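Below you'll find the structure, written out as structure tokens, and then a few comments.
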2 protein chains.
Amino acid sequence: MSDVLSIGELGRAAGAKVETVRYYERIGLLAPPRRTAGNYRAYDRSHLNRLSFIRRSRDLGFSLDQVRALLDLADQRDRPCAAVDEIARAHLAEVERKIADLTALRDELEGMVHQCRHGAVRDCGIIEALSPESGRQAPLPHGA
Amino acid sequence: MSDVLSIGELGRAAGAKVETVRYYERIGLLAPPRRTAGNYRAYDRSHLNRLSFIRRSRDLGFSLDQVRALLDLADQRDRPCAAVDEIARAHLAEVERKIADLTALRDELEGMVHQCRHGAVRDCGIIEALSPESGRQAPLPHGA
DNA sequence: GCTTGACCCTGTAGCGGCTACAGGGTCCAT
DNA sequence: ATGGACCCTGTAGCCGCTACAGGGTCAAGC
């Protein structure tokens, strides 16, 4: 149980690949650790905490920019957390939007799949539904 | 009402940007049209149909590879449409998976947001939930 | 006939968030 | 001294566009 972690150990501990850890350092998300005599990165507990925070945020779907903002905020311990709340709520709203879009999509795909009469392509309801002469415009994902 | 469309007209008619149309040509998804004397692309109705098919498929979330496969299949009018059905079903299954993942995500984000007691960052439930010492592992998106 | 401005052309680079090399160096056990 | 696991840097690739830069073309208006 040393207090120093190699990049591989850090990655395993936080659930990130080695290349990803280096990538986070490159883009300034994770502070560069000190180096050993052999130029290996030597991480400590604070890096592990930081990286775990990042990974967990990413797993929850926050963008790297959002993670950056959350990290900054997390460091300003005595300011009000309204900004944190705002980021989380914005993300929640977006997730809800995506769910709605995907649900509409699912319904449409289900309709399409039901139209398949398992015959030749010429009579295929799916192809027909995708073709411009039959299917009109798709009801479509918000952002498109 | 000419039968020939410029790239801009084609794009407007099918709901794609000019750059996107050129991109589809470059990657071999849309056949190169003939050119005018001034080297402008001159599209006809068949290109419009093709591009509309592509856009509608994309709007429904099919990947460009899936679209390519669907286009190939659509051209083989007398073969059975089982392959078409398979692509559509695979995509439907993936959409359903994404909905499930996002729904779990939403629940977790909602839980987080509810923890916000609107005080200082040091007491923020959201930051706490993201921090390694408090929040355990996220229940996570399938593919991650 | 000359200018203006909308359109078109090619080619290349960028986005996010990694991932995957290539081509080397280090460290530790045998 | 040698093998293999790990580490280093740097660069290019993935998807599906999008956005330039730096030019050419065309039709309308003066």
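Bear in mind the structure is a predicted one, so any value in this text is a computation, not a measurement.
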All N/O contacts under 3.5 Å from nucleotides 25-27 of chain C to the protein, with atom names and distances to one decimal?
residue, atom, partner, partner atom, Å
C:dG25, N2, A:Y40, OH, 2.6
C:dT26, O4', A:Y40, OH, 3.4
C:dT26, O2, A:Y40, OH, 3.2
C:dC27, OP1, A:G38, N, 3.4

Revision key, fill the gap. For A:R12, the side-chain hydrogen bond (donor to acceptor under 3.5 Å, both in side chains) test, sequence neighbours excluded, returns none
Review point. For A:S52, which residues count as a side chain to side chain contact (heavy atoms under 4.5 Å, CB included) partner, sequence neighbours excluded?
Key: A:A14, A:L48, B:P132
Practice item. Sequence neighbours left out, what passes side-chain hydrogen bond (donor to acceptor under 3.5 Å, both in side chains) with B:D72? Give chain and number order. Key: none
Give every donor-acceptor pair under 3.5 Å between a side-chain atom in residues 18-30 of chain A and any protein atom, sequence neighbours left out.
residue, atom, partner, partner atom, Å
A:Y24, OH, A:R55, NH1, 2.8
A:E25, OE1, A:R41, NE, 2.8

Review point. If you find the nucleotide of DNA chain C closest to A:E19 and the one closest to A:F62, which residue's nucleotide is nearer the 5' end?
Key: A:F62
Review point. Taking only residues two or more places apart in sequence or in another chain, which ones pass side chain to side chain contact (heavy atoms under 4.5 Å, CB included) with A:Q115?
Key: none
Check your understanding: Heavy atoms under 4.0 Å, any strand shown: does B:R22 hit a base, just sugar-phosphate, or nothing?
Key -> base
Review point. Which part of the nucleic acid does A:R12 contact within heavy-atom distance under 4.0 Å: base, sugar-phosphate only, or nothing?
Key: nothing
**Study point:** Set of residues satisfying side chain to side chain contact (heavy atoms under 4.5 Å, CB included) with respect to B:R34, sequence neighbours excluded
**Key:** B:V4, B:A42
Review point. Pick the nucleotide of DNA chain D nearest each of B:R55 and A:V18; which residue has the one closer to the 5' end?
Key: A:V18
Point to revise | Sequence-distant partners of B:R50, salt bridge (charged side-chain N to carboxylate O under 4.0 Å, His left out), two or more places apart | key: B:D75
Point to revise | Nucleotide interval of DNA chain D bounded by contacts with chain B (heavy-atom cut-off, under 4.0 Å) | key: D:dG16 to D:dC26
Practice item. Using a 4.5 Å cut-off on heavy atoms from C-beta on, say whether the side chain of B:R106 contacts that of B:L102. Key: no
Check your understanding: What residues form a side chain to side chain contact (heavy atoms under 4.5 Å, CB included) with B:E86, not counting sequence neighbours?
Key -> none
Check your understanding: Please, which pairs that meet salt bridge (charged side-chain N to carboxylate O under 4.0 Å, His left out) have at least one residue in residues 111-126 of chain B, sequence neighbours excluded?
Key -> A:D78-B:R122
Identify all pairs in which a protein N or O lies below 3.5 Å from an N or O of nucleotides 13-16 of chain C, and state each distance.
none

Exercise for review: Name the nucleic acid region contacted by A:I7, choosing base, sugar-phosphate or nothing; use a 4.0 angstrom heavy-atom cut-off, strictly under.
Suggested key: sugar-phosphate
Practice item. Determine the contact category for B:Y24: base if any of its heavy atoms lies under 4.0 Å from a base atom, sugar-phosphate if only primed atoms, P, OP1 or OP2 are that close, otherwise nothing. Key: sugar-phosphate
Exercise for review: Would you check if A:D85 and B:I126 make a side-chain contact, meaning some heavy-atom pair closer than 4.5 Å?
Suggested key: yes
